[in-house]
Each structure stands twice: as structure tokens, then as C-alpha cells.
Amino acid sequence: MATQRVLPQSKETLLQNYNKRLKDDIRSILDNFTEIIKTAKVEDETQVSRATQAEQDHYEMHVRAANIVRAGESLMKLVSDLKQFLILNDFPSVNDAISLRNQQLRTLQDECDKKLISLRDEIAIDLYELEEEYYSSSCGQWDGVELPLCEAFHRQDSWGSPEMTSDPSCANPEDSDHLGTQESMQRHLNSHGSSTSEQS
């Protein structure tokens, strides 16, 4: 069970003042309403004429109704003062609310971290399987040299594209050099073979 906090003298006096205002306003509303009900009662003949008595009762009702309105406005002002006092002076409640919000945010952060770690592990496993599949296939080999994954797929796409097949100007420079070397070697072998047949 929470222990009751000891308020400073100024705060204790202020709360007592609020309590006194509350009781006075409620008593004022009750008393004036009771007098208005009494005024509505029809009395026997008196020395005062009925018209004069009616005007007097009418004026008294107006005054007491104004007192009721004033007490109601005072109660509304008291509610506003109590809210302001609670906001400015109830530090333990504010600290409890801040601590609760921090705990909720930390719990949310832990959940997000766990999900991110799980997603990272799944991506790492999938990437490892893709690399194993790539390096074990023929796509990763180019003249006996293992190419990076992105470059191998780029070359594979360029081989299969119709523009690269139909337009020789769009060919890869490295592929053109490789084909030029093969053609020069073929011409050299042909010339060597023809010279050998002429000598014989």
C-alpha cells in the first residue's frame, strides 16, 4: 500500500483553501435554491398588496438565481485551479507516467531488435545458399577464373539479349578482344600450315 506523502505547508494551506471554497459554493447553491422554492409558495393576505409582493419575489428570485450562477462559475474556476495544481505539483505521478512510457518503448525496441536479428539470420542463410549454388554452377566460371556474382549475371544477361546478339557494336570489349585473339591465332595456324605444304 502506498504511503501518504507529506505536503509542504504552502501546498497544504492551498488545498485547505480549495476545500473551503468547495464547501462555501455548494452551500450557497443549496441555500439560494431552497429560498427560491420558498418564494414560489403562495401566502395568505398581508398588509403588502399582491402586486408589490409579486414584484419583490420576482426581484428576490433574480438575485438568488444570480448567486447560484456565481457559485457555479466559482466551482468551474476551482476545477481549473485543481487541474493546474495537479499538473504543476504532482511530480510523482508525472514520473510514474514517464517511467511507464519508457518501459513500453524499451519493450517495443527489444521486439524490433529481435525481429531484425531474425531477419538478418534468414537473409544470411539465403545468401549463403545462393553463393553455394552460384559457385558450384558454370555461371561463376569465365576462362578458369571465378567472377563475382553480379558480374557473372551481367555477362549472362548480355549474352542472352537480342541487341547484343544482333548488334556487334554493343558487344563487350573484353569479349571482342577474346574473339580477336582467337581469330589471329587461327590465321597464324593457317599460314603456318600452308607454308609447310609448299616446302614439301
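This chain uses plain numbering: 1 for the first residue, then up along the sequence.
E60 is linked by a salt bridge (charged side-chain N to carboxylate O under 4.0 Å, His left out) to R64, counting only residues two or more places apart in sequence or in another chain. Applying the salt bridge (charged side-chain N to carboxylate O under 4.0 Å, His left out) criterion to D24, with sequence neighbours excluded, gives K20, R27. T34 pairs by the side-chain hydrogen bond (donor to acceptor under 3.5 Å, both in side chains) definition with nothing, not counting sequence neighbours. Partners of D81 according to the side-chain hydrogen bond (donor to acceptor under 3.5 Å, both in side chains) rule, which considers only residues two or more places apart in sequence or in another chain, are R21, K77. For I68, the side chain to side chain contact (heavy atoms under 4.5 Å, CB included) partners at least two apart in sequence or on another chain are I29, N32, F33, I36. With sequence neighbours left out, the side-chain hydrogen bond (donor to acceptor under 3.5 Å, both in side chains) criterion links R120 to no other residue. Judged as a side chain to side chain contact (heavy atoms under 4.5 Å, CB included), and not counting sequence neighbours, the contacts of Q109 are D113. For K114, the salt bridge (charged side-chain N to carboxylate O under 4.0 Å, His left out) test picks out no residue, with sequence neighbours left out. The side-chain hydrogen bond (donor to acceptor under 3.5 Å, both in side chains) check on E132 picks up Y128, with sequence neighbours excluded.
Taking CG from D126 and CD from E131, the interatomic distance works out to 11.5 Å, rounded to the nearest 0.5 Å. To the nearest 0.5 Å, the span separating SG on C112 from CD1 on I117 amounts to 11.5 Å. For the atom pair L105 CG and L100 CG, the distance stands at 9.5 Å (nearest 0.5 Å). Here the OH-CG distance, from Y134 to L130, works out to 12.0 Å after rounding to the nearest 0.5 Å. We find the CD1-CG distance between I125 and L127 to be 11.0 Å, quoted to the nearest 0.5 Å. Atom OG in S80 sits 12.5 Å away from atom CG in L75 (nearest 0.5 Å).
Cluster partners of I87, using a side-chain heavy-atom cutoff of under 4.5 Å among ILVMFWY residues and allowing indirect links: none.
Residues in residues 102-111 take part in no salt bridge (Lys or Arg N to Asp or Glu O under 4.0 Å) pair, two or more places apart or across chains. Applying the side-chain hydrogen bond (donor to acceptor under 3.5 Å, both in side chains) test to residues at least two apart or on different chains, the pairs with a partner in residues 95-105 are R101-Q104.
Criterion: ILVMFWY side-chain heavy atoms under 4.5 Å apart, direct or through other members. Under it, V69 and L78 are not part of a common hydrophobic cluster. The hydrophobic clustering, which links ILVMFWY residues whose side-chain heavy atoms are closer than 4.5 Å, places L86 and V79 apart. No single ILVMFWY cluster, assembled from side-chain heavy atoms under 4.5 Å apart, contains both M61 and L30.
Other residues, nucleotides and ligands place more than 12 heavy atoms under 6.0 Å from the CD atom of Q16.
T39 contributes a side-chain N or O that, together with a main-chain N or O of E35, makes up a donor-acceptor pair within less than 3.5 Å.
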